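This report concerns only the one structure given below.
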Amino acid sequence: MTVKHVFVSTERLSPAQKHAINKLQAECFRRVTRKETRECFFAKSFGRVLAYESDLIVGQAELFSRQVYFLGKKVLLGGVGGTCVTGSARHRGIGTLLVSSGLSILRVRRCDIACLNANVRKYPRGGMYYRLGFRLMGRRVSFEDVHGVMRYDFGELFLPICSKAIYDSVMTSEKTFHIGRGYW
Ligand SMILES: CC(C)(COP(=O)(O)OP(=O)(O)OC[C@H]1O[C@@H](n2cnc3c(N)ncnc32)[C@H](O)[C@@H]1OP(=O)(O)O)[C@@H](O)C(=O)NCCC(=O)NCCS
């Protein structure tokens, strides 16, 4: 069956789309606790790429962009989060399609680099993300949680989008990269 994908900005999501996405995320992210989502993964996406098979949503990816500073320079940081595909539709390239289409949108928005959080315990090099060009950062990143507490995390993957120079400086510096308030 053919899979179609569409970008929908956050404010244009219909109630039916929101309902289908909640169901899909409940199925796909059982390992992430509600507490963790509330405290850490609360960044607001500007839109989503939705994958449709007939009129059913079978996958989605959320897109983020925010300005941060690194080594005193402005960086437009893009992100892809919450990528998921319903169990029965996996291993057919839909996840790859969602992320690559999300990256095209981040390019149009002129993001310098993109980053995401992946299950590196199961996929040490990044699995699907590695094949799309993402590379593992060798050091931890920081972000601020909902309580304003600084948290640190290993296993982030980065990809150059509009600026290879910024990507190189972020990846090779010894300074902790700060993602900002809330993660995806
Ligand atoms: C990750 C996920 C979106 C992939 O969807 P998909 O449509 O099967 O993706 P594709 O067919 O394009 O690629 C499949 C490949 O991605 C890789 N992959 C699977 N899960 C992955 C993950 N969590 N992270 C990175 N790569 C992954 C595998 O190498 C897989 O190869 P295989 O088909 O030979 O097993 C899907 O498995 C899913 O929804 N998982 C549960 C939610 C989740 O963990 N999301 C990722 C958050 S970072």
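All ligand and atom numbering here is 1-based and tracks the order in the structure. Values in this document were obtained by computation on a predicted structure and should not be read as measured data.
No N or O atom of Ala118 sits closer than 3.5 Å to an N or O atom of ligand 1. Distances between N or O atoms of Arg31 and those of ligand 1 include at least one value under 3.5 Å. Polar contact check, Cys84 against ligand 1: no nitrogen or oxygen pair lies under 3.5 Å apart. Among the atoms of Gly127, none of the N or O lies under 3.5 angstrom from an N or O of ligand 1. The shortest N/O to N/O separation between Asn117 and ligand 1 does not fall below 3.5 Å. Polar contact check, Phe29 against ligand 1: no nitrogen or oxygen pair lies under 3.5 Å apart.
Side chains of His178 and Met150 form a contact here, defined as non-hydrogen atoms less than 4.5 Å apart. Phe143 has its side chain out of reach of Phe41: every pair of non-hydrogen atoms, C-beta onward, lies at least 4.5 Å apart.
Shown here, atom 42 (C) of ligand 1 is in close reach of the protein: a heavy atom of it lies under 4.0 Å off.
Cation-pi check for Arg151 over Tyr183 is not met; the charged atom does not lie both under 6.0 angstrom from the ring centroid and within 45 degrees of its normal.
For atom 12 (O) of ligand 1, the closest non-hydrogen atom on the protein side is Thr96 OG1, 2.5 Å. Taking atom 34 (O) of ligand 1 as the reference point, the nearest protein heavy-atom neighbour is His91 ND1, 4.6 Å.
Taking 4.0 Å as the cut-off, Arg131 counts as a neighbour of ligand 1 on heavy-atom distance. Note on ligand 1: Gly126 sits in its first shell, one or more heavy atoms being nearer than 4.0 Å. Residue Leu98 places no heavy atom under 4.0 Å from ligand 1.
For Arg125 and Tyr130, the side-chain atoms include at least one donor-acceptor pair closer than 3.5 Å.
The environment of CZ in Arg107 is crowded: more than 12 heavy-atom neighbours from other residues, nucleotides or ligands sit within 6.0 Å.
Here the rule is ring pair (Phe, Tyr, Trp, His ring centres under 6.0 Å) with Phe158, and of Phe70, Phe177, Tyr129, Tyr167 only Phe177 fits it.
Under a 3.5 Å cut-off, the side chain of Ser45 and the backbone N or O of Phe64 do not form any donor-acceptor pair. Looking only at distances, a side-chain donor or acceptor of Asp112 sits under 3.5 Å from a matching main-chain atom of Leu76.
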